[in-house]
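Chain letters run A, B, ... following the sequence lines, proteins first, then strands; residues in each count from 1.
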Protein chains: 2
Amino acid sequence: MGATKTDHFTDKQNTIATLAKAIGHPARVAIIEYLMKVDSCICGDIVNELPLAQPTVSQHLKELKNAGLIKGDIEGNTICYCIDEKAIEKLQNYFGYISTKLINKKKDCC
Amino acid sequence: MGATKTDHFTDKQNTIATLAKAIGHPARVAIIEYLMKVDSCICGDIVNELPLAQPTVSQHLKELKNAGLIKGDIEGNTICYCIDEKAIEKLQNYFGYISTKLINKKKDCC
DNA sequence: TTTTTATATTGCAATATTACAATTAATATT
DNA sequence: AATATTAATTGTAATATTGCAATATAAAAA
């Protein structure tokens with residue numbers, strides 16, 4: 001085997017997993033943070049900001065886009081990517097939900 | 001190649017990536033949600049809750065533990081695992097931070 | 001003490017990810 | 001039109017992940 005059994009889990013669980021997985025690489029965290037920092041969406045200099053080759057960055061961008069974390073496309077010969085706020089909100093809500101649930105939990109160990 | 005270049009990124013970026021990566025699998029999302037639902041930390045029935053074999057679940061638990069998302073250990077012959085609230089808080093704060101940053105951003109595309 | 005129960009570890013096959021050189025595609029510039 | 005620029009795609013090697021059968025470990029129950 002080796003393939004994730006996505007069909008055995010709920011859509012919500014798969015959605016969270018997909019989003020989290022996309023952020024689960026420091027290069028993609030760095031990309032998100034760079035997109036956040038820059039005012040404009042025209043971010044042709046992402047490659048210069050990262051210690052990775054252009055094809056690698058392009059691949060990471062593709063993964064972020066497939067996961068729904070960023071949106072946009074090329075415009076002329078510059079890329080135009082920006083964070084999809086809805087995805088970030090989903091994650092924020094999810095972890096917020098877990099946090100509040102944990103506060104109301106009685107603990108008998110750990 | 002094939003190995004992630006963790007040393008090229010900041011500690012914070014690597015921390016977020018490690019935590020997100022650990023959640024980046026539906027089985028581990030399901031585990032987190034189960035630990036959240038159950039009142040006690042004694043969760044010997046995680047295997048029965050998941051559509052995966054016992055060694056696979058054990059491996060996922062190990063990964064969650066290595067990433068710092070859950071804590072605990074075996075107690076007698078039952079496992080005693082529970083969510084590490086600090087890790088969830090880190091994620092919640094991180095995505096909250098991104099969200100608020102995005103609200104104050106001017107957008108010219110996407 | 002033997003057996004049962006619960007979880008971890010090992011070994012392995014299948015698949016996925018990471019990274020990059022080389023190339024392609026497509027727009028900009030000259 | 002020819003060239004330069006920018007980013008995607010392709011191909012490929014190295015590494016990591018996923019999943020499980022078999023086995024090991026260790027405590028509880030008989």
Side-chain angles (χ1 to χ4, degrees), chain A residues 1-9 13-14 17-18 20-31 34-35 40-67 70-82 109, chain B residues 1-9 13-14 17-18 20-31 34-35 38 40-67 69-82 109:
Chain A
M1 319 291 146
T4 298
K5 289 184 163 182
T6 38
D7 47 317
H8 291 68
F9 301 95
Q13 287 170 340
N14 280 313
T18 300
K21 191 178 182 181
I23 301 179
H25 191 291
R28 294 195 288 267
V29 172
I31 289 172
Y34 183 67
L35 285 177
S40 164
C41 291
I42 295 111
C43 310
D45 41 350
I46 291 179
V47 175
N48 303 321
E49 288 283 316
L50 296 182
L52 296 168
Q54 181 267 321
T56 308
V57 173
S58 189
Q59 192 177 284
H60 281 307
L61 284 166
K62 195 179 177 184
E63 275 172 62
L64 284 170
K65 200 183 172 189
N66 285 343
I70 64 175
K71 53 186 175 176
D73 248 310
I74 59 163
E75 236 183 39
N77 58 354
T78 50
I79 47 172
C80 170
Y81 277 137
C82 56
C109 67
Chain B
M1 315 290 145
T4 298
K5 288 183 161 181
T6 39
D7 47 317
H8 290 70
F9 301 95
Q13 287 169 340
N14 280 313
T18 300
K21 191 178 182 180
I23 301 178
H25 190 291
R28 294 194 287 268
V29 172
I31 289 173
Y34 184 67
L35 286 176
V38 171
S40 162
C41 290
I42 294 112
C43 308
D45 42 350
I46 290 180
V47 175
N48 303 321
E49 288 282 317
L50 297 181
L52 296 168
Q54 181 267 321
T56 309
V57 174
S58 189
Q59 192 178 285
H60 282 306
L61 284 166
K62 195 179 177 184
E63 274 171 64
L64 285 169
K65 199 182 171 190
N66 286 342
L69 267 161
I70 63 176
K71 54 186 176 177
D73 248 311
I74 58 163
E75 237 183 36
N77 59 353
T78 50
I79 47 171
C80 169
Y81 278 137
C82 57
C109 68

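Closest of all the heavy-atom pairs between B:L64 and B:A22 is CD2-O, 3.9 Å. The two residues B:A30 and B:L50 make their nearest non-hydrogen contact at CB-CD2, 3.6 Å. Of all the heavy atoms in B:Y81 and B:L35, the pair that sits closest is O-CD2, 3.4 Å.
Annotation: side chain to side chain contact (heavy atoms under 4.5 Å, CB included) contacts of A:A27 (sequence neighbours excluded): A:H25, A:L52, A:H60, B:F9. Partners of A:Q13 under the side chain to side chain donor-acceptor pair (under 3.5 Å) rule, at least two apart in sequence or in another chain, are A:T10, B:E33. Partners of A:K65 according to the salt bridge (Lys or Arg N to Asp or Glu O under 4.0 Å) rule, which considers only residues two or more places apart in sequence or in another chain, are A:D73.
At whole-Å resolution of the value, CG in B:N66 and P in D:dT17 are 10 Å apart. Atom pair B:R28:CZ and D:dG19:P shows a separation of 8 Å (rounding to whole Å applied). Atom CG of B:L52 is separated from atom P of C:dA14 by 19 Å (rounded to the nearest Å). Taking atom CD1 of B:I31 as the reference point, atom C1' of C:dT7 lies 13 Å away to the nearest angstrom. Spacing between atom CG of A:L50 and atom C1' of C:dT18 amounts to 14 Å, rounded to whole angstrom units. Separating the CD1 atom of B:I23 from the P atom of D:dT18 is a distance of 13 Å, rounded to the nearest angstrom. Put simply, NE2 on B:H25 is 11 Å from C1' on C:dA16, counting in whole angstrom units. Protein atom CD1 of B:I79 is 15 Å distant from nucleotide atom C1' of D:dA27, rounded to whole Å.
Against DNA chain D, the stretch residues 54-61 of chain A makes heavy-atom approaches under 4.0 Å through A:Q54, A:P55, A:S58.
A close approach under 4.0 Å does not occur between any side-chain nitrogen or oxygen of A:Y81 and OP1 or OP2 of D:dT6. Taking side-chain N and O atoms only, A:K21 has a distance below 4.0 Å to OP1 or OP2 of C:dT17.
With contacts defined as side-chain heavy-atom distances shorter than 4.5 Å, the pair A:I46/A:I79 qualifies.
Of the candidates C:dT18, D:dT18, C:dT9, C:dT18 carries the atom nearest the A:E63 side chain, counting heavy atoms from C-beta on.
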Please list, pair by pair, any protein nitrogen or oxygen found under 3.5 Å from a nitrogen or oxygen in nucleotides 24-26 of chain C.
none

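Between the axis at the start and the axis at the end of the helix from C:dT1-D:dA30 to C:dT30-D:dA1 there is an angle of 20°, using five pairs per end and rounding to 10 degrees.
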